[in-house]
Amino acid sequence: MKVIKLISKNVFRHKLRSILTIFGIAVAVMAFGLLRTVVTAWNAGVDASSSSRLISRHAVSFIFPLPFSYRDQIQKVPGVTGVSFANWFGGKYKEDKPENFFARFAVDAETFMELYPEYLIPSDQLDRFKKEPNSCIIGKKIADQHNLKIGDIMTFTGDIYPGTWDFTIAGIYTGKDKYIDETQLFFPWSYLDERVKSIPGYGSGLVGWYIMQIDNPKSASEVSQVIDGMYLNSTAKTKTETEKAFQQSFVSLSGAILVSLQLISYVIIGIILLVLGNTMIMSARERIREYAVLKTLGFTGTTIAILIIGESLTISIAGGVLGLLLTFPLANGFGNAFPTIFPVFQVLPSTIFMMVGFSLLVGLAASIFPSWKSSRISIVEGLRQIG
Amino acid sequence: MSTLVQVNQVSKIYYRGTIEIPVLQNLSLDVPEGEFMALMGPSGSGKTTLLNLISGIDRPTSGSIVIAGTDIAKLNETQLAKWRSQNIGFIFQFYNLIPVLTAYENVELPLELTNLSKKEKKQRVEGVLNIVGLSDRMDHYPKQLSGGQQQRVAIARAVVTDPTLIIGDEPTGDLDRKSAEEILNLMDRLNREFKKTIVMVTHDPHAAEKAHVTRHLEKGELMVNGDGK
Ligand SMILES: Nc1ncnc2c1ncn2[C@@H]1O[C@H](COP(=O)(O)OP(=O)(O)OP(=O)(O)O)[C@@H](O)[C@H]1O
Ligand SMILES: [Mg+2]
C-alpha cells in the first residue's frame with residue numbers, strides 16, 4: 001500500500017532531523033531503563049525476601065543485641081519450624097574503598113543455610129563450613145571480583161569487633177536465580193562468640209537478630225505477636241515482622257531518593273514527548289500544502305492522520321528499540337562496576353515492557369495534535385500556503 | 001453538446017472575523033461537455049475561487065453547482081472527496097507533486113483510491129506518462145525534473161483516473177514560453193484527442209488563444225463578451 005511507502009519516505013525526508021530525534025528518544029529510553037533498573041535493583045532485596053521467614057530484632061533498634069537464650073524459647077512457639085540467628089560483623093577488607101565493601105555476617109552455621117534454600121552450596125562445602133570454626137562461605141560475585149577460591153584466607157580488620165580476623169573459604173554459594181544477592185560473606189557465629197569473650201567490655205551470648213521459618217505465611221502476624229508477647233516484660237523486648245517488612249524498613253531509609261529517581265524517569269518520558277512532538281509538529285506544518293493536495297485528489301483526513309501517526313510511531317519505535325538495545329550492555333557495565341552497591345542489577349521484564357510501552361505511547365501522543373490539526377485543514381487554506 | 005457544468009446564481013463570501021469579503025456575486029456559468037474554456041481577469045477577481053467551487057474543494061455561500069447531474073454543494077465531506085477522486089483532475093500553477101515520490105508514484109497516487117488491479121494501474125500510469133512524453137523519466141523525483149517536466153507529471157496525475165473535468169489554475173503561470181507551449185499543446189491534445197472538458201485560468205493571452213472560448217471575470221462577475229460563442 002502506498003500509504004506505508006509514503007510514511008517510510010516521509011520519515012527520511014529530513015534525514016538528519018529524524019536521526020537526531022531517533023537518537024534523542026533512544027538516549028532518553030535508555031536513561032529511563034537504567035533509572036528503573038536502579039530502582040528495581042534497590043528493591044531486589046525486598047522482592048527476593050521470603051514471606052515465610054520472620055525476623056525478630058531488639059524492639060528499640062537493630063543495633064542492640066538479643067540474648068542467645070531466646071533461641072530455645074522461640075523454637076517452642078507453635079508454627080515455628082526452624083530458628084537461626086545472625087550478627088552484623090562489618091569490618092574492613094583490603095583497602096577502605098567502596099568497591100571492597102560487601103555484607104558480612106556471623107551466622108549460626110548449623111541452621112542458617114537450611115533457612116535460606118535460595119543460596120545454593122554443595123553439601124561437602126557446607127559440611128566443612130559447619131566443622132571449621134574460622135571458615136566462611138562467600139557469594140560467587142565476591143569470589144569472582146576478588147579472584148578467590150576455596151581454601152583461600154580472607155583477612156578483615158574489625159571495627160564493631162576489634163582485632164584482625166582471618167577466615168578460610170570453605171564454600172562459595174550461588175543464587176538459585178539471578179535476582180539473588182551473591183555478594184555476602186557468612187562465618188560461624190560460634191567463632192565470633194568465642195573471640196569476643198577475650199575482648200574486654202564485650203559480652204558473649206549475644207545475637208543480632210533471630211530468623212524463624214514458619215509453616216504458614218498466613219500466620220505470620222499471630223506468630224510474631226506470640227514471640228513479642230513473650231518478651232514484653234523483659235529488658236530486651238523484641239520486634240518481630242516478616243523478612244519482607246524487615247527489608248523494607250531498610251529500603252525506606254532511602255525512599256526519598258527512590259521516589260525522586262522514579263520521578264526523574266517519568267520526567268524523561270515527558271522530555272521525549274516534547275522532542276518528538278516538536279519534530280512532528282514541524283513536519284506537519286511544512287507539509288500542509290501536500291496534505292491539501294492529497295485531499296484535492298480525494299484522500300480523506302483519516303489518511304492524512306494515519307500518515308502522521310504512522311511516521312511518529314515509526315520514529316518512536318525506532319528510538320525505543322535502539323534505546324533498549326543500548327540499555328543491556330550499559331546495565332551490565334553498571335552492575336559490574338558497582339557489584340556490591342547493587343548486588344542484583346538486572347533489567348527486569350517489567351522494565352523492558354515499560355520502555356516499549358512508553359515508546360509506543362509517546363509516538364501516539366506526539367502525533368495527536370499534528371494529525372488532528374492536519375486532517376482538519378481546509379484544502380483552500382492549505383493550497384494558499386507558500387511552500 | 002450537452003452541458004457538463006452548470007453554475008447557478010453562485011455567491012461566495014469570505015469572512016475575516018466579522019468582516020464580509022464578497023468575492024463572487026450571483027454568478028452563473030455553463031460549460032458544455034468537450035469544451036476548452038479559458039478564464040481570464042485581473043488578480044483578485046475571483047478566478048481561483050470559482051475554480052475551487054467547480055472542483056468541489058470549496059463550497060459556495062449560496063447557489064448551486066451541478067456537474068454531470070450531481071449537485072455537489074449537497075454532498076458531505078466524505079462524499080465530496082470521493083466525488084473529486086472520480087470526476088476532477090486538478091492541475092496547479094506550482095505543480096504540487098509529492099517530493100518524496102517518483103514521477104511514477106506521483107501519477108499512481110490517485111489510483112490508490114480506485115479498485116483497479118495492480119496490472120491495470122501499471123498500464124494506466126505508463127500510458128499517461130507516455131502521453132505526456134515522460135516514459136524515460138518515470139523513476140525521477142520531482143526535484144530531478146524541470147518545471148515543464150514536473151507540470152507534465154502533474155497533468156499525467158490529473159488525467160490518470162480518466163476524470164470528467166480537468167481544472168487548471170494558471171498551469172503555465174510558472175513556466176517559460178517553450179515549456180508553456182508544450183503544456184498548452186498537451187492540454188489541446190487532451191481536449192481534441194481524448195475529449196476532455198477543460199476549464200483553465202490564465203493571465204496569458206497566448207494561452208487563452210489555445211482555448212475555444214475565453215470568459216472574463218471582473219470583480220466577481222462574468223463579463224458578457226461572447227468570445228467564440
Ligand atoms: N480564504 C480567503 N479568505 C479571505 N479572502 C479570500 C480568501 N480566498 C480568497 N480571498 C479573496 O478573494 C478574492 C479573490 O481571490 P482569488 O484567489 O479567487 O483571486 P484570483 O482571481 O484567483 O487572483 P489571482 O489572479 O491573483 O490568482 C481576493 O480579494 C482574495 O483576497
Ligand atoms: Mg488565482
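In what follows, chains are A, B, ... by sequence order, proteins preceding strands, each numbered from 1.
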Evaluate whether atom NZ of A:K140 has more than 12 neighbouring non-hydrogen atoms of other residues, nucleotides or ligands under 6.0 angstrom away. no
**Report entry** Steps toward side chain to side chain contact (heavy atoms under 4.5 Å, CB included) verdict (B:N96, A:T296)
**Finding:** CA-CA 11 Å; B:N96 281 339; A:T296 305; over 6 Å; no
Got a donor-acceptor contact below 3.5 angstrom from the B:R84 side chain to the A:G298 backbone?
no
By ring pair (Phe, Tyr, Trp, His ring centres under 6.0 Å), A:F358 pairs with (sequence neighbours left out) A:F32
When the 4.5 angstrom heavy-atom criterion is applied to B:Y95 and chain A, the contacting part is neither
Taking a cut-off of under 4.5 angstrom between non-hydrogen atoms, the residues of residues 363-381 of chain A near chain B are A:I379, A:V380
Separation between CD1 (B:I98) and CG (A:L294), nearest 0.5 Å, reads 4.5 Å
Whatever's closer than 4.5 Å to a heavy atom in chain A on B:L109 counts as both
Rounded to the nearest 0.5 angstrom, the NZ-CG distance for A:K5 and B:L101 is 7.5 Å
Rounded to the nearest 0.5 Å, the OG1 atom of A:T300 sits from the CD atom of B:E77 at a distance of 10.5 Å
Here the side chain to side chain donor-acceptor pair (under 3.5 Å) pairs for residues 36-53 of chain B, sequence neighbours left out, are B:T48-B:D169
Checking the side chain of B:R157 only, and the main-chain atoms of A:L297 only, is there a donor and an acceptor separated by less than 3.5 Å? no
Side chain to side chain donor-acceptor pair (under 3.5 Å) pairs touching residues 6-27 of chain A, sequence neighbours excluded, are A:K9-B:E105, A:K9-B:Y141, A:N10-A:R13, A:R13-A:E290, A:H14-A:E286, A:R17-A:S283, A:R17-A:E286, A:T21-A:T279
